[in-house]
Each structure stands twice: as C-alpha cells, then as structure tokens.
Amino acid sequence: MGLKISNETKTGVLVLICLAALAGLLIKVGNFNWFKEGFILKTRFHFTGGVKKSSPIRLSGVDVGEVKAIRLMNEGTETVAEVDMWFEEGTLVRKDAKAVVSTLGLMGEKYIELQAGSSAEFAAKGDMIAAEDPVRLEELIDIGKKVAVDIGDAAKKIGTTAEDISKVANHVDEAVLENRPKLDGIFDNFEETSENFNDFSQDVKYHPWKVLMKGKEVPK
C-alpha cells in the first residue's frame, strides 16, 4: 500500500518552494553580497552629503561595491566621518584613487564615485583612500550671493566709468568748439606751408642749378 500524502503537506511543500524561489529572485535582483567575497577600504569625509550605509560605490561608473559602515571620529579639533567601503573580490583600486560623493540623476540617490587615479600600485585591504568633500547647499547659496554682489559692484563701476568718459567727451567737444577759430587757422597755415614746401620741392627737382648757385653766392 503506497504512502498517502495529505493535501496539507502538499500545500506546505508548494509554499516552501514559492518562498525559496522568491528569496532567490530578491537576492539576484537586489544584488545582495551576503555570500560574495570582498575586502574593505576606508575613506574619510568632513561632510558625507547624504551617503549612508548600503549606498552604492562605483569605479569609473561601474558598480563595484557598497558602503558597509559610517562612523564619526574625532581627530584633534576636527570631526570626520570614516566610511568603510566594501569591494567585490578582484576589484583593483589604485592607491591614488579619490572618493567623491555623486548623485544618481538630479535629485536621485547618493553614492560614492571613485576617480580611478594613475598610480601603478594598487590599494591593499584596509588601506585609506583620499576623499573630496561634496559642496554643501549652504555654501552654494553663499557663493551665489557673493557673485550677485560682485556683479552689482562691477555694474556700478562700469556705470561710473561710462559717466566719466561721457564728461570727458563733452569737455573735449566744448574745447573744440571754443578753439575752433584757432584750430582752423592752424590747419590753414599747415596747408599753406605744405603747398609752399611742395612748390619748393618741384622747383628744386626741375632746377637743381638754383641750389648750386645759391651755395656759390658770396655776400657783398
């Protein structure tokens, strides 16, 4: 007589199979690294800019790990956030790589982007990677205000300079008008002198003997 399986047992086995399939799908889609081997590199920020635990880490735009932990540390008079960056085994990170905070899209998730660097040596497990702090929104606002003030000051200076140039031009015009008769006389004299010099040049050109004769004249 064969073993009889109850409907309750069949339903339980089916539920377990569905749960296992769902768990496997979540692990694959969620890119969980519970069973992956990797290593930790560290970096320190004065301001993390929204990066948190499990934030992605990219190297040259490629996903290579995630943030494992963030803890505050006091160094003398400064407080810094030390970040444990987990990388998949086999990822090569150059020693002079730099960690910067970036955003996925305009208002998207924060993540750490590693600028590759150019060193021939690669970081070992536990090494400290240099970091560049993100710019705070408050700092951007302050910079915008300063730029606006500087532009306003520059516009005022340009307006003042334009007024000064206009005044100088007006004075020049007035001076020209007041001395117009004198200037006309100067130009007339200049034209007359030019004509006399031109007549003299032509006379010498066609009668050079006159110059020679004048050189030989003896005063009485």
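Tracing side-chain contacts under 4.5 Å through hydrophobic residues (I, L, V, M, F, W, Y), one reaches Phe39 starting from Val67; they form part of the same cluster. Val83 and Val101 end up in the same hydrophobic cluster when Ile, Leu, Val, Met, Phe, Trp and Tyr side chains are linked at under 4.5 Å.
To the nearest 0.5 Å, the span separating CD on Glu88 from CG on Leu59 amounts to 11.5 Å. Interatomic distance, CG of Asp63 versus OH of Tyr111, reported as 9.0 Å (0.5 Å rounding). Note that the CD1 atom of Ile70 and the CG atom of Asp84 stand 9.0 Å from one another [nearest 0.5 Å]. With values rounded to the nearest 0.5 angstrom, Ser54 atom OG is found 9.5 Å from Glu109 atom CD. The CZ atom of Phe45 lies 7.0 Å from the CG atom of Asp133; values are rounded to the nearest 0.5 Å. From Met85, atom CE reaches atom NZ of Lys68 across 14.0 Å, with rounding to the nearest 0.5 Å.
Using a distance-only test at 3.5 Å, with no hydrogens or angles considered, no donor-acceptor pair links the side chain of Ser119 to the main chain of Asp96. Looking at Asp127, its side chain never comes within 3.5 Å of a backbone N or O of Leu41 through a donor-acceptor pair. Of the possible polar contacts, none joining the Glu66 side chain to the Lys53 backbone as a donor-acceptor pair under 3.5 Å is found. Judged purely by atom type and a 3.5 angstrom limit, Glu121 has no side-chain atom pairing as donor or acceptor with the backbone of Arg94.
No side-chain N or O of Ser55 forms a donor-acceptor pair with one of Lys110 less than 3.5 Å apart.
Members clustered with Phe122: Leu92, by chain and number, using a 4.5 Å side-chain heavy-atom cutoff among hydrophobic residues. Taking Ile, Leu, Val, Met, Phe, Trp and Tyr as hydrophobic and joining them when side-chain heavy atoms fall under 4.5 Å apart, one finds Val80 in a cluster with Met73.
In this structure, Phe87 and Ile57 approach most closely via the heavy-atom pair CE2-CG2, 3.7 Å. Here the closest non-hydrogen pair linking Ala97 and Ile129 is O-CG2, 3.2 Å. Between Ile112 and Ala99 the shortest heavy-atom distance is CG2-CB, 3.9 Å.
Classification of Arg58 and Glu113 as a salt-bridged pair fails, no side-chain N sitting under 4.0 Å from a carboxylate O.
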